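Presented below is the structure to which this report refers.
For clarity, every value in this text was computed on a predicted model and none was experimentally measured. Every chain is numbered from 1 and lettered A, B, ... according to where its sequence line falls, protein lines coming before strand lines.
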Protein chains: 2
Amino acid sequence: MTVDSRQSKKEVTRLKNELRILDAAEKLFSQAGYDGASMSMIAKEASVPKANVLYYFKSKDNLYEAVIDRIVSTWNLGLDNITPAHDPAEVLYNYIRAKVKLAIKQPMQSKLFASEIIRGAPYLKDYLRVKARPWLRDKVCVFEAWMQQGKMDTVDPNHLLFTIWSATQYYADFEAEVLLVMNKIEYEDADFDAITQSVASIILKGVGLTIPDSIKSGQS
Amino acid sequence: MTVDSRQSKKEVTRLKNELRILDAAEKLFSQAGYDGASMSMIAKEASVPKANVLYYFKSKDNLYEAVIDRIVSTWNLGLDNITPAHDPAEVLYNYIRAKVKLAIKQPMQSKLFASEIIRGAPYLKDYLRVKARPWLRDKVCVFEAWMQQGKMDTVDPNHLLFTIWSATQYYADFEAEVLLVMNKIEYEDADFDAITQSVASIILKGVGLTIPDSIKSGQS
DNA sequence: TCCAAATTTGACCTTTTGGTCAATGATGGT
DNA sequence: ACCATCATTGACCAAAAGGTCAAATTTGGA
């Protein structure tokens, strides 16, 4: 076994193949759901024999879990280091902006996540209990501090967060509906701005805040 | 063939069986998605031989379409006869309340609808183009009239409706997440009130409205 | 009562599914 | 150069999928 820090040729190809397969799986799982995407479809999409997919990821369950793990591990959306000292308007605006951007630019992840939750979250139960719940509890505390300081209206912070999540993810998960109903083929840059503006405007004003002047583009 | 207005025994049993099958299919499709629910599972759930299911609904596609049609045909949620003369606060509040109630009491329909849209709406494309789009256009006009009358803030009516849909349906589609994160087993009546209040508060205030005093319970 | 139509259902068919396996080829340390 | 280990892949398998069919049963009008 190579203990070298430099990756051996084997390791490189393995990682490259795993990546191809994971990408293909993410795409197909998000389009067709767990049962709708077959191993042969995924293999074809990844341009790899089916048996090779099973070689790297021992089962379909395993592959699906790997896809979900990868998605969840990349979710870090700027609400992480907030404190009662921050400005809620700026924090929430940037958060909404970042989430809308993610929804429009990478809708697959949101769709896969949504499918999983609709199915009863069999693979995300642990994540939700162990990670999401404490994370949310932490944010709730900060929000409550802001409210007590009079920086924003008093609303249930849980439902405020749910509203932000829903309003932003909607443009990813219900992409097909939004585009059809608005008679568009795909989102444009102008839509990103319009959505961010509309959603942020409603929600921020809804909790007694105003959109900050400094419209510096949010990270991510 | 019976031309009688009273239903013959045959018709009664046929309708009864169709209902049993449709109910079973709705339940399983909403839980597991189109591909996740098999015809044998549906037959078992309906306590009917599989061949009988295929006798009434000639194919799985056909059955799925029938389930979707039934859901869509029952969607009539109080935003139907609004005019610029109505009070936006009251209309929107009742609409949000009705949608939250539906989300909590009958989450299956919302979940099935969501799954279908995530999959790219293969069966709902027509409905969205022919029904939903004109419906939305009509509401947009009313909203714009309200805005011009100064009854409410100026926001893009499309995104306002999307925000309402997302925030309310979220409690059905993401039921598993909401309950897990809030450490609950199922929704209670108190939750219905709290959700209605929070969502309505944020969205109404977000467009310059206040929740009407007359908290007469919305229909449906 | 009789018969044509509608209903019921087990047996059966083809295709696809997730998954296994063994043979072969490539890799890299010694 | 050698060889143990890892990687690749076509062939194969049992189970489950959606769907068909024909024989048996029930129904309701004449």
Item checked: Selected nucleotide, minimal atom distance to Ser38(B) side chain, candidates dT8(D), dA6(C), dA17(D) -> dA17(D)
Check: dT8(D) phosphate, OP1 or OP2: any side-chain N/O from Asn17(A) under 4.0 angstrom?
Finding: yes
Check: Quick one: Tyr64(A) OH to dG18(C) C1', roughly how many Å, whole number?
Finding: 17 Å
Check: Less than 6.0 Å separating the ring centroids of Phe192(B) and Tyr187(B)?
Finding: no
Check: Can a side chain N or O of Asn52(B) be found less than 4.0 Å away from OP1 or OP2 on dG10(C)?
Finding: no
Check: Does OP1 or OP2 of dT17(C) have a side-chain N or O of Ser40(A) closer than 4.0 Å?
Finding: yes
Notebook entry, point to check: Just checking, any donor-acceptor pair under 3.5 angstrom between side chains of Asp173(A) and Ser110(A)?
Noted result: yes
Check: Between the side chains of Asp61(A) and Tyr123(A), is a donor N or O closer than 3.5 angstrom to an acceptor N or O?
Finding: yes
Next item on the list: Provide, to the nearest angstrom, the distance between the CG atom belonging to Leu63(A) and the P atom belonging to dT17(C).
Entry: 15 Å
Next item on the list: Starting at SG of Cys141(B), measure out to CH2 of Trp146(B) and round the result to the nearest 0.5 Å.
Entry: 12.0 Å
Note to self: Applying a 4.0 Å non-hydrogen cut-off, can you work out what Ala37(A) is touching in the nucleic acid: base, sugar-phosphate, or nothing?
What the structure shows: sugar-phosphate
Pull out every protein N or O sitting under 3.5 Å from an N or O of nucleotides 19-23 of chain D, one pair per line with the distance.
from, atom 1, to, atom 2, distance (Å)
dG19(D), OP2, Lys60(B), N, 2.7
dG19(D), N7, Lys50(B), NZ, 3.2
dG19(D), O6, Lys50(B), NZ, 2.7

Note to self: In this structure, how many angstroms lie between the P atom of dA16(D) and the CG atom of Asp35(A), rounded?
What the structure shows: 14 Å
Check: For Glu18(B) and dA6(C), what is the distance between atoms CD and P respectively, to the nearest whole Å?
Finding: 14 Å
Check: For the ring pair Trp75(A) and Phe113(A), is the centre-to-centre distance below 6.0 Å?
Finding: yes
Item checked: side-chain N/O Tyr55(A) vs dA7(D) OP1/OP2, d < 4.0 Å -> yes
Next item on the list: Kindly give the heavy-atom pair with the smallest separation between Ile202(B) and Val155(A), and that separation in Å.
Entry: CG1-CG1, 4.1 Å
Notebook entry, point to check: Given atom CZ of Arg20(A) and atom P of dA7(D), what is their separation to the nearest angstrom?
Noted result: 16 Å
Next item on the list: May I ask you to check whether Tyr170(A) and His159(B) place their ring centers less than 6.0 Å from one another?
Entry: no
Next item on the list: For Phe57(B), answer base if it contacts any base atom (sugar-phosphate contacts may also be present), sugar-phosphate if it contacts only those atoms, and nothing otherwise; contact means non-hydrogen atoms under 4.0 Å.
Entry: nothing
Next item on the list: Measure the distance from CD on Glu65(A) to P on dG18(C) and round it to the nearest whole Å.
Entry: 17 Å
Next item on the list: Calculate the interatomic distance between Ile42(A) atom CD1 and dT17(C) atom C1'; express it in whole Å.
Entry: 12 Å
Checklist line | Euclidean distance, atom NZ of residue Lys16(B) to atom C1' of dA6(C) [Å, nearest integer] | finding: 16 Å
